[in-house]
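Inspection log for the structure reproduced underneath, given as structure tokens.
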Amino acid sequence: MEGAELAGKILSTWLTLVLGFILLPSVFGVSLGISEIYMKILVKTLEWATIRIEKGTPKESILKNSASVGIIQRDESPMEKGLSGLRGRDFELSDVFYFSKKGLEAIVEDEVTQRFSSEELVSWNLLTRTNVNFQYISLRLTMVWVLGVIVRYCVLLPLRVTLAFIGISLLVIGTTLVGQLPDSSLKNWLSELVHLTCCRICVRSLSGTIHYHNKQYRPQKGGICVANHTSPIDVLILTTDGCYAMVGQVHGGLMGIIQRAMVKACPHVWFERSEMKDRHLVTKRLKEHIADKKKLPILIFPEGTCINNTSVMMFKKGSFEIGGTIHPVAIKYNPQFGDAFWNSSKYNMVSYLLMMTSWAIVCDVWYMPPMTREEGEDAVQFANRVKSAIAIQGGLTELPWDGGLKRAKVKDTLKEEQQKNYSKMIVGNGSVS
């Protein structure tokens with residue numbers, strides 16, 4: 001009995017601390033400064049660890065690691081320029097060398113595959129899974145790493161699991177209850193309050209530190225918010241500062257329970273898998289949503305998959321055919337404190353939640369001036385213009401490739417395009433005529 005009483009006292013004390021120092025401040029959107037103190041200590045610790053690593057690592061190894069992020073120095077010049085020094089007027093057998101060179105470059109280090117793996121770090125951040133080549137450097141550094149493991153798994157992990165459970169439970173219960181109310185301004189206000197509060201709790205369960213820039217450009221009702229996509233927590237990051245109507249496919253399991261509860265309180269747009277293939281039906285439902293200027297802005301990730309936050313890949317044009325005002329948002333995570341990228345083709349959601357053992361999730365969010373489709377501009381051109389703006393603002397590399405290549409083969413049309421470009425060169429040099 002004494003053991004049960006002691007466990008009950010510990011549990012009640014734990015929940016009281018969580019309620020007083022985290023949950024209540026989340027409701028009012030304020031911070032008690034605890035996370036700021038934690039981040040300052042963390043930054044100082046990582047800076048000290050970096051200095052120790054640099055002192056204990058040979059210069060040759062440092063140069064090798066710094067060069068690992070770019071194996072090949074590519075020649076980005078177009079095909080015409082690349083072949084100009086190898087060929088004459090007509091077809092030359094030496095043209096094979098150019099295509100062989102490009103093929104070998106793609107085999108060694110292509111531009112697409114590396115975007116679906118965790119970003120390389122310049123220095124170790126005391127997380128074992130972010131540095132494969134870590135070796136013993138000093139006893140003091142090893143002791144700090146062991147202490148970090150104890151703090152992350154014995155203190156932070158239980159706290160974060162508690163917060164995540166409370167946040168998700170309140171979201172499901174709160175949206176279900178609000179959904180029973182008749183449509184009114186009160187229902188909308190309560191729905192936004194529940195979404196904001198629960199998302200703030202979930203972000204704090206990850207020790208999230210978010211810096212929002214240019215808040216005067218926050219997405220407005222009746223608009224479409226588009227952002228680059230790194231992780232499922234992108235939704236939490238954005239919803240912490242404002243509510244959105246989300247668009248996505250209907251899921252099963254826990255995610256399905258959350259979706260069904262959320263849609264009762266807020267006009268989210270969920271689609272069955274069969275409907276997602278019907279572009280016209282999807283476009284119709286989205287147009288109906290933005291036609292009502294009282295509804296929340298739609299949140300869309302046009303890449304269609306998660307990228308490792310180093311690049312922005314092709315935006316699907318469907319989001320830009322709807323019409324209305326586009327509100328671009330750039331999201332950039334700091335990988336030094338934790339890797340937010342989710343490789344969905346390699347890890348399931350449970351494995352991905354191991355990031356709850358990271359130090360923290362730190363990111364910057366830039367709201368950008370609204371953009372509209374210009375006269376004579378088609379949906380693809382508009383999508384590329386928005387993508388370029390997001391890439392520049394977030395300091396990301398802009399790539400023309402489809403993120404769907406994570407799971408699919410290269411389309412034959414892309415191969416045929418290169419063949420057509422080469423044949424045009426032959427025709428231009430007069431071989432056909």
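We number each residue from 1, following the sequence as shown.
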[atom1]-[atom2] distance between [X] and [Y], expressed to the nearest 0.5 angstrom:
| X | Y | atom1 | atom2 | answer |
| --- | --- | --- | --- | --- |
| K332 | Q393 | NZ | CD | 13.0 Å |
| E36 | M39 | CD | CE | 9.5 Å |
| C363 | Y212 | SG | OH | 6.5 Å |
| E47 | Q336 | CD | CD | 9.5 Å |
| I210 | L236 | CD1 | CG | 8.5 Å |
| I224 | I298 | CD1 | CD1 | 5.5 Å |

Which heavy atom of [X] sits nearest a heavy atom of [Y], and at what distance?
| X | Y | result |
| --- | --- | --- |
| G324 | T372 | O-CG2, 4.4 Å |
| Y153 | L157 | O-CB, 3.6 Å |
| P400 | K387 | CA-NZ, 3.9 Å |
| I322 | G318 | CG1-O, 3.6 Å |
| A245 | L296 | N-CB, 3.9 Å |
| P297 | Q220 | CB-O, 3.3 Å |

Could you tell me whether the side chain of [Y] reaches within less than 4.5 Å of the side chain of [X], counting heavy atoms only?
| X | Y | value |
| --- | --- | --- |
| Y244 | V235 | no |
| E398 | S311 | no |
| T175 | H195 | yes |
| V329 | V365 | yes |
| V43 | F337 | yes |
| M313 | T305 | no |
| V178 | K187 | yes |

>> Between Q259 and H268, is the side-chain contact (heavy atoms from CB on, under 4.5 Å) condition met? List the steps.
In response: CA-CA 9 Å; Q259 284 182 322; H268 300 292; over 6 Å; no
Kindly say whether [Y] contributes a backbone atom to a donor-acceptor pair with the side chain of [X] at under 3.5 angstrom?
| X | Y | value |
| --- | --- | --- |
| H211 | D364 | no |
| R218 | D241 | yes |
| T239 | C199 | no |
| S191 | N188 | no |
| R373 | E377 | yes |
| N228 | I331 | yes |
| K295 | G222 | no |
| Y367 | H327 | no |
| W359 | L42 | no |
| E192 | C243 | no |

> After noting the C-alpha distance and the side-chain angles of L190 and L181, does the key distance pass the side-chain contact (heavy atoms from CB on, under 4.5 Å) rule?
Replying inline: CA-CA 10 Å; L190 289 174; L181 300 175; 3.7 Å; yes
Counting only heavy atoms from other residues, nucleotides and ligands, does the tally under 6.0 Å from [atom1] of [X] exceed 12?
| X | atom1 | result |
| --- | --- | --- |
| W48 | CH2 | yes |
| K294 | NZ | no |
| Q216 | CD | yes |
| Y217 | OH | no |

> Below 4.0 angstrom, N of the basic side chain to O of the carboxylate: do D378 and K317 qualify?
Replying inline: no
> Name the one of I361, L156, I237 that satisfies side-chain contact (heavy atoms from CB on, under 4.5 Å) with L206?
Replying inline: I361
>> Please identify which of these residues, L399, L396, V386, meets the side-chain contact (heavy atoms from CB on, under 4.5 Å) condition with V312.
In response: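 Of the listed residues L399, L396, V386, the side-chain contact (heavy atoms from CB on, under 4.5 Å) partner of V312 is L396.
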> Which word best sums up how the rings of F382 and F320 line up, parallel for under 30°, tilted for 30 to 60°, or perpendicular for over 60°?
Replying inline: perpendicular
>> Among T230, D339, N334, which residue satisfies the side chain to side chain donor-acceptor pair (under 3.5 Å) criterion with N309?
In response: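 Option passing the side chain to side chain donor-acceptor pair (under 3.5 Å) with N309: T230.
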> Given the rule in the side-chain hydrogen bond (donor to acceptor under 3.5 Å, both in side chains) test, do D234 and Y333 qualify, once you have shown the distances and angles that lead to the verdict?
Replying inline: CA-CA 10 Å; D234 293 341; Y333 292 90; 2.4 Å; yes
